Structure formats: structure tokens, C-alpha cells
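Reading through the C-alpha cells given below for one structure.
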Amino acid sequence: MVDQVKLERILPHARHLERARHIQVDIEGGIAPGEREGILGELRYPLPNAIALGQWRGEPVLLSMVEATHPEWPSGREWLNQLPGDAFELISTALQVNHWRRNHRFCGRCGKPTQQHRNELAMVCSNCRLRAYPRQSPCIITLVSYGRQLLLARSPRFKQGRFSTLAGFIEPGESAEQAVHREVMEEVGVEIGRVRYFKSQSWPFPHSFMLAYFAEAVSRDIHIDGVEIEAADWFEPEQLPGLPEAGAISRQLIDTFVNGVAIQD
Ligand SMILES: [Zn+2]
């Protein structure tokens with residue numbers, strides 16, 4: 001990891017807002033181009049639907065939720081492909097806060113309107129005081145290998161020619177390691193042995209908290225379910241199919257494994 005600029009999770013104070021910049025997100029999750037570069041714009045007036053996200057490169061950043069659709073604004077995925085890797089955390093945070101804020105306008109318990117908490121990222125019910133925080137849904141994502149071969153699969157919703165690692169939500173009562181074994185068995189019918197943790201990523205489509213693992217297969221037989229997975233195969237590191245975008249943790253799993261094989265060869 002080199003010198004990533006982190007979003008400092010200190011909510012900007014009102015008196016610092018004259019230096020604030022903002023990121024505008026529309027109803028569909030499109031992000032407006034900024035004035036100077038990337039996605040940050042100058043803040044020239046108080047915004048009605050602004051939420052403090054934190055500090056970015058020394059400047060306070062606000063999210064402004066735009067109550068319209070702007071088909072001309074690039075999607076979050078398109079921005080991730082265009083901007084340097086250090087923009088990931090800013091985009092991920094903005095999209096998830098936007099998604100959460102729009103989906104918790106009313107209390108899930110009593111149905112009354114909610115209000116933004118003054119100091120926290122929380123929506124508070126005006127009636128029963130129930131708090132709703134931004135949700136992260138834990139998922140496992142795993143690269144299964146056999147010797148120097150990688151098991152990659154494709155879902156029917158992937159772009160043509162693209163393959164990726166296996167992933168799935170962790171179910172209630174289940175550990176991440178159990179989910180790795182279960183998902184691999186369900187999706188490709190492969191029994192795995194040793195499982196090793198890699199790292200995590202907060203993925204904003206819409207709010208998956210990805211826990212990434214390397215898993216070693218016990219055998220090479222593949223039996224796909226045909227529903228979630230339409231094709232799966234073993235690939236040599238030199239003959240890989242289309243892969244996920246660079247910022248995705250699935251791609252980092254694949255690149256790290258392939259680099260490891262190259263060192264061993
Ligand atoms: Zn309530």
C-alpha cells in the first residue's frame with residue numbers, strides 16, 4: 001500500500017465550512033463532475049441537503065443529495081474506473097451515506113418521519129427515538145486455487161467475457177470462514193481446505209462489507225449451480241479471461257495470487 005490519502009473521519013465543524021468542498025449525488029447514485037478535477041466541487045452557498053462526510057486532503061467535504069436524476073452524470077462505477085485509486089474511499093463513503101440517508105426517511109419500527117442526528121451519522125425517529133445507522137452487509141469473497149491455477153466464475157449479470165472470484169453474503173449465525181466453505185460448495189461444488197484471510201473493503205454497490213480470503217481447493221471437479229453461476233473454470237495465470245476493475249477487492253485477490261505464482265516460478 002502506498003500513501004493513500006484517507007478520508008479522515010472527523011466531521012467538519014460549522015465554522016470550518018467556508019473551506020468546504022462538496023460531492024453531489026443524485027437519486028440514481030450518479031455523481032456530478034467537480035469544477036477543478038474529479039468529483040469535488042467548490043461550496044459557494046449553504047446546501048439544503050448537505051451531510052458532513054469528513055476531511056479529504058485537508059478540506060472538509062460535504063455530501064449534497066440532489067433530488068433529481070442526471071443521466072449525464074457518471075455512475076460511481078464509472079468514476080472508480082476514471083479516478084486514481086485513492087478516490088475509492090471518498091466515493092464509497094459518499095454513495096453509502098447517500099443510499100442510507102434516502103432509505104431511512106421513516107422509522108422502520110413505528111413509521112413516523114426521522115431526522116438527522118446533530119453529531120452522528122444516524123437518522124433518529126421523531127416519535128420513538130429509534131436510530132438507524134448506515135448499514136454494512138458482511139460478505140465473503142474468495143479466490144479458490146489449486147496449485148498455480150485459479151478458479152474463476154461468471155454470473156449472468158457480468159459483462160460479456162468477464163470472470164471473477166466467488167462471493168456471497170454471510171448468513172445470520174454464520175462465521176465468515178463457514179460462509180467461505182458454504183458459498184464455494186453452493187456455487188461451484190468444490191471442497192476447500194485451508195482458508196487464509198486477505199483483507200477487507202467497504203464496497204458501495206450498495207453497501208457490502210467484503211471480507212476477502214484465499215482458499216485452497218481439495219479437488220478440481222466443478223459442479224456449477226447454473227443460477228447464480230453460469231460458467232466456472234480453472235485458469236492458468238498466463239491465460240486469464242476478462243477480469244474485474246482495478247479497484248475491486250476481487251481484482252486485488254487475483255493480482256496478489258498471480259504475483260505470488262510469478263515469484264515462485
Ligand atoms: Zn419510530
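Because the structure is predicted, anything quoted here is derived from the model rather than measured. Ligands are counted one by one from 1 in listed order, and the atoms in each one are counted from 1 as well.
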Next on the checklist: Among Asp26, Val25, Asn98, Leu90, which residue satisfies the side-chain contact (heavy atoms from CB on, under 4.5 Å) criterion with Ile31?
Outcome noted: Val25

Next on the checklist: Could you work out, with ring pair (Phe, Tyr, Trp, His ring centres under 6.0 Å) as the rule, every residue matching Phe198, not counting sequence neighbours?
Outcome noted: Phe214

Checklist entry - Can you list every pair that meets salt bridge (Lys or Arg N to Asp or Glu O under 4.0 Å) and has a residue in residues 234-248, with sequence neighbours left out? => result Arg77-Glu245, Arg148-Glu236, Arg148-Glu238, Arg162-Glu245

Checklist entry - Should the ring pair Phe205 and Trp203 be called parallel, tilted or perpendicular, given that the plane angle runs from 0 to 90° and is split at 30 and 60? => result perpendicular

Checklist outcome for this item: Counting only protein N, O or S atoms and ignoring waters, those under 2.8 Å from the Zn ion (ligand 1) are Cys107 SG, Cys110 SG, Cys125 SG, Cys128 SG

Checklist outcome for this item: Tracing side-chain contacts under 4.5 Å among Ile, Leu, Val, Met, Phe, Trp and Tyr outward from Val218 reaches none

Next on the checklist: Are the side chains of Glu183 and Leu166 in contact, using a 4.5 Å heavy-atom criterion?
Outcome noted: no

